[in-house]
Each structure stands twice: as structure tokens, then as C-alpha cells.
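Chain identifiers are assigned alphabetically (A, B, ...) following the order of the sequence lines, protein sequences preceding nucleic acid strands; residue numbering begins at 1 within each chain.
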2 protein chains.
Amino acid sequence: MTGDTTPGGAATSRPASVVTLDDVARRAGVSSATASRALGDHPHVAAATRARVREAAEELDYVASPEATRLAGGPTGRVAVLVPHPSRWFFGELIEGLEESLRAVDLDLVLFRVGGPEERAAFFARLPARRKVDAVVVLAFAVDEAEHARLASLGVDVVAAGGRVASYPSVGIDDHLAGRQAMDHLIHLGHRRIGMIAVTNDGELAPDPDGRTSAWRAALADAGAEPDDDLVVTVPWGGEGGADGMARLLGLRTPPTAVLAHDDETALGAVRTLRRAGLRVPEDLSVIGIDDHPVAALTDLTTVAQPVRAQGRRAGELVAAALRGELRERVPPAELLPTRLVLRGTTSPPGAPR
Amino acid sequence: MTGDTTPGGAATSRPASVVTLDDVARRAGVSSATASRALGDHPHVAAATRARVREAAEELDYVASPEATRLAGGPTGRVAVLVPHPSRWFFGELIEGLEESLRAVDLDLVLFRVGGPEERAAFFARLPARRKVDAVVVLAFAVDEAEHARLASLGVDVVAAGGRVASYPSVGIDDHLAGRQAMDHLIHLGHRRIGMIAVTNDGELAPDPDGRTSAWRAALADAGAEPDDDLVVTVPWGGEGGADGMARLLGLRTPPTAVLAHDDETALGAVRTLRRAGLRVPEDLSVIGIDDHPVAALTDLTTVAQPVRAQGRRAGELVAAALRGELRERVPPAELLPTRLVLRGTTSPPGAPR
DNA sequence: ATGAAAGCGCTAACAC
DNA sequence: GTGTTAGCGCTTTCAT
């Protein structure tokens, strides 16, 4: 109650009565240098002094100016997160997980969209994160060589989450395995003529950088069925894409009896096309997705679940480790989190009204 | 090519050879003060000088140290965004829109989750955004008095988006009107016994802070039907909640012939319950949601669309305006973006197999 | 163990 | 119009 405590009347905007380190030092009866050491847990500070400083800081509700700290040589306490599409469930979950683990180590998350081609090009050209962060997290997109070089020019640690980026510490799932789990389920049910709806992200990625389509191929081959490339259609990401893809598959001379969609939203689109065509799912045609998006449960979609939020969380931990210098000199192998088949109502044996 | 340009071999992490303002000034043959003015578009700088400085900066690939800028009295160039649930579509869209307009004015978006009660309490207790941002954007949650005071203590502008926060400049929709559009559609179809599935967010908000339930009541009254409170069920947000709510409504002595769900995800849950109960939608019971979530199109759900991304975008513009000092001394009235009925397949006249 | 002093890179008076 | 000179609030040698 030394007069500075209660702001009193001026209810609104008020520069938060900026308390500086000097204020804390003065109150604790030491120099600012000592206060800095005490607060920073440096050695060579008497326990009593440390306590006094801490208390003073507490009482004054002191918060260090991040700018000053940084300018004087400290880290920024921020990490940039590069997100293609923040509004999609998958990215939202990654972000949520990331925020959680970054917050735990007091790191702020600065979001950068790198969605469409132009936006992405703009980001790498201007590099708006430059000089502003201690690390960068790349969410689920493949970084090409030029981009890799640009990121390197930031001079900070880079971590990848949600997908396939070699050369950086990363967390993800085994896409081939996930696809395989879905395919094996269909094959086990008796399907042999299985379609695949692959997606392209922002029109830039090769059809199958992620292994799901290769799983389709491998599973069929292993089951002794010749993979028929006509059964693979590639569409833009999303429900409408899935609907389109399914329509194309239905236009085949011999349509498949089951379909593996790249993800749940694509799968839902496929289901809509089937329903509109008067076909029953799964009696006439089985559909399986990958993700276990919340709507999958609501629409009774069979799928392969992946732990998305956990990937984000783990990525945050990798960032923390990197900042502690633990990942120097050796990119650890990609961490792959487990996926599992979730049986619901959109798959059944072929031609077998259940 | 004055030797500093190409980093050469050291392909990886490398402190980005920090170019300072002095370097630029020296190269342009002026003092750092002049360089600062030139780059900052200040008056009283010869056009030629300005050009020379700009060129030098360009060549050196100069980027100002945000910390130094800030420390010397400038703004941080950052805005904090408080998000309850980043992974939900609604918030993701808001974030995406926000990022877009903030990026346009070169502001970085720093994300803070304020989801569950504890998380939220933690945020307001610690105020991790303190001293780090120029403004705060509150996404779709009601700020109570204590929280309001805490935010005020940050001494920065605050803007709200996606919902009902008086006392701050804000963008949103007219929830009552949206609810009314949905209800009027049902009533127009001939329904009079209409259920309402309201939701509570994080178990903390009152049943109807947003007007959708009041729209239910008003629409029925206007139609000459006595609003029956048994027809209003309140559930936790989400598909499972919706499924539960629908189950409760089905348990009524006289179930409704149509249901207005607080949002599309809740509506989807309701539809699932109906299907599982062997009821047909819309023949046996109509369901309408609010949002126009992408899955609504995939599941043929009738709904009232709201422009979410635009709300985020507009909020970013409000932030920019606030930072230009344009919103001082007067909180502008809440901006309400238009909503519209989207007819799809989950509504039809009562008892009328269409 | 603690203090004094020198910056970190920039902006903002204040002179010229 | 442009240069000089102080800081902004910290961290960190270097002394003591």
C-alpha cells in the first residue's frame, strides 16, 4: 500500500504503471544488477537477497520488459507457427496442442498463415518472422529446398509437426501405416476392388507425398489383387473434393465396392455423393476415412484415428528441447504417434446387406 | 555484392548476420537518425535521401529489431488474441480472418488459449500478454467485470469478435435475428411445437446470453403458440451434447415436430440421435442449425449462415483503427454482419413426407 | 556477494 | 534537411 498499488479511479486504459527492475531493486535495497541476477536464478546471489528481491518483485507485480530483455541479449520468448489453414480441424488441433505445451514453458505462439501459393510465397519472401522469434514450427506441409534455405536464414531452430518434413525434428503419424490399417480393414471385410480418393493440398503437393496412396497400392498387392490405377482419383482437399472424387469413381465401368478417402472430410463428401445417387452406405459401398474428426462420430463414419492434439503438444516439447540446446548436432528421427482403426457404420462386407 | 550479400557455405543456422540501422545509414552516407526518419516515412527528409536510404536497406536486407524499436518508444507490432477453443471451426475461421487483416497492416498475431475455467482463470491471473502487445482481441466469449478490469490494466486497446461483448468495439452477428430466421422458417413450414437445444460454453455461460433462445421464444409467441419451456434443453457444446439434447426432447410426452439447434455441430448430434431412433429427418422431425459449418453442406443440413471469417477480418481492421487512435473517446456500436437462411434437406412441413 | 558502468538497436528531442 | 545526443529497461563484464 505504498501508494502505487491501487490504480483507483481511472478505470480504463492506463499504461499499467510500468514497474521497472530498478523499482524492484530499490525496494529490495540492492542494485539492479543484483536484482537481475536474483530474478534470473543466477549463481552467486545470497539466498536472503534472492528472497528479498523476489518478494519485492511480487509486491510490485513486476514483469520484465521482453524488449529490454531481448535487446540485452536474451531470447524473445516467442515461437512462430506456420499454418496453412488455421480454420481446418486438423490444424486447429495442432495449434491447440502446441499452445498448451508452449505456454507451459512460457513461450508465446505467434501465428503465420502460409495457406495458398501466393500467401506462402509472400511469407518466405518477406519472412515476417525475422528477428522476432526463437524458433519456428512448421505445421503439416512440405518445405521445399528454397524455403528450407529461407528458414535457415532465420538462424533459429525449426521443428515440424503433423507431417512429413525430413531434415527437421518432427512429430507425426505413419501415414502409410494409417492407410494400411484402413485398407486391411476393407480387405479383411472381403473387398478387393477398392477406390482411393487422394487429395492435393493447395494444388501444390504431389499426389502421394504422405504414403496413404502407397498404402492403398501395397495392401491390394499383398492381398493378391492387382491395383488398378483407374481407381485412384485425386481431388482438391475438402468435402466437395471428396464428393467429386466419388462421382468420378462411380463413373467407372466397374466402380469399386469400397473407398478409402484421404481423410474424414473427403470421406464425408464421398458419402454425400453416394446418398444422392441413391446408393446405401455401407450396403452398396463402403467408405472409410482417416483422422477421426469429431464429425466422424456424428456421422457414423468408420475411420483411422490419429492423435492430432498430442502431435502439437509433442512439437511444443521438441521446441523447448531445441531451445535448451538439446537437439544440436543431430536431427532426431521423426517421432511417429500411433493410429488406430475406429469401427463405425460406413463399412461392411461387399454386396452383403448387413 | 559488397561481400556481405551471399552467406556462402554455412548453409544452416547462422544469426542472420544482423544488419543494423547504422549499417544502412553508413551505406547511405547519412546518420542513423536520418536513416530512421527515412525508413519511418517521417516528414523533413529529402526525397533523394529517403530513396538512398531505402535502397541501402533493401540491399542490406535490413530488418529493424522489433525490440529496439519498441524499447525506444515504438509499438510492439503485436496483438494478442484470446481464443477459447482454437480447434473449433468457428474460432479457426475467426483466427484466419483476423490473421489476414492483421498481416495486411504488419501486425503479428499472438495466440492465447483461454478455454476451460482454470485455463481462463490462469490467463487473467498471470496476464502473460502483459507488456507484449499493442492490442487485445477477445474471441467470442463474455468478459466478466473482473476480467474486464484485468484487461484494462494492460493499458491497450481491446476489440471483440464473434460475439456479445459490450464495452468494447466489436463485430458479430445478431444472434436473435439469426435464431429468428431459423424459427420463422420452421414456423412458415407449419411447425408450432418446436424444440430448442441451447448450449453452455465451458459450463460457465448463462443459458442464453446470445439471443438465440430468446428468438425461439419470441418467434413462437408471435406465431400465437405458447412457448413451452419443457422444449428448451441446455447441453454442453458439441455434437455429443446435441445428441443428448435431442434424446431428452424425444423423451417428452409430446416431442416437438422440429428443433432449432444452437449451432450446426449440435444440430448434427441431434440428427444422429434421430437416425439411431429410427426416425427420418425431415419427414418425422425437422432440424435446423446455425453457422453453415462446412459439414452442413456435406450432411445436407438446413441452417442459417453467418460470415465468420469476415468477422475476424473486420475485427483486425478495428484493431488497426484503434491503434491509429481512431476509436478513442467513444466505443462505436457493435457491428453486426448479415446472416441468411440456407435451405437444405433437414427441414420440411410437419407430418408431411415430402 | 554485490555494485558501477557499458552497451543491445532504435527513436525522439534538440541543435545546426 | 540532417546530425548529435540522450535515453528506453534490461544483462553483463569488470571491479570491489
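Between B:Leu71 atom CG and D:dA6 atom P the separation is 18 Å, expressed in whole Å. Atom-to-atom, CG of A:Asp41 to P of D:dT12 comes out at 13 Å; the value is rounded to the nearest Å. Between the CG atom of B:Leu39 and the C1' atom of D:dG1 there is a distance of 16 Å, given to the nearest Å.
The existence of a salt bridge linking B:Asp106 and B:Arg78 is excluded, since no basic side-chain nitrogen approaches an acidic carboxylate oxygen closer than 4.0 Å. By the 4.0 Å N-to-carboxylate-O rule, B:Glu67 lies too far from A:Arg131 to be salt-bridged with it. A salt bridge does not link A:Arg27 to A:Asp22: none of the charged side-chain nitrogens sits closer than 4.0 Å to a carboxylate oxygen. Salt bridge status for A:Glu317 with A:Arg314: present, with a side-chain N to carboxylate O gap under 4.0 Å. Ionic pairing of A:Lys132 and A:Asp108 is not present here: no N-O contact between side-chain nitrogen and carboxylate oxygen is shorter than 4.0 angstrom. No salt bridge links A:Asp144 with A:Arg150; every basic N to acidic carboxylate O contact stays at or beyond 4.0 Å.
Between B:Phe141 and B:Phe124, the ring planes lie perpendicular to each other; the angle is over 60°, past the 30° to 60° tilted range.
Against DNA chain C, the stretch residues 49-57 of chain B makes no heavy-atom approach under 4.0 Å.
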When every nucleotide of nucleotides 10-15 of chain C is labelled 5' to 3' by its protein contacts under 4.0 Å (heavy atoms), B for base, S for sugar-phosphate only, - for none, what sequence of letters results? BBBBB-
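Along DNA chain D, the nucleotide nearest to A:Glu67 and the one nearest to B:Ala47 differ in position, and the one closer to the 5' end is contacted by B:Ala47.
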Evaluate side chain to side chain contact (heavy atoms under 4.5 Å, CB included) for B:Asp134 paired with B:Val156, printing each intermediate quantity in order. CA-CA 6 Å; B:Asp134 300 330; B:Val156 302; 5.6 Å; no
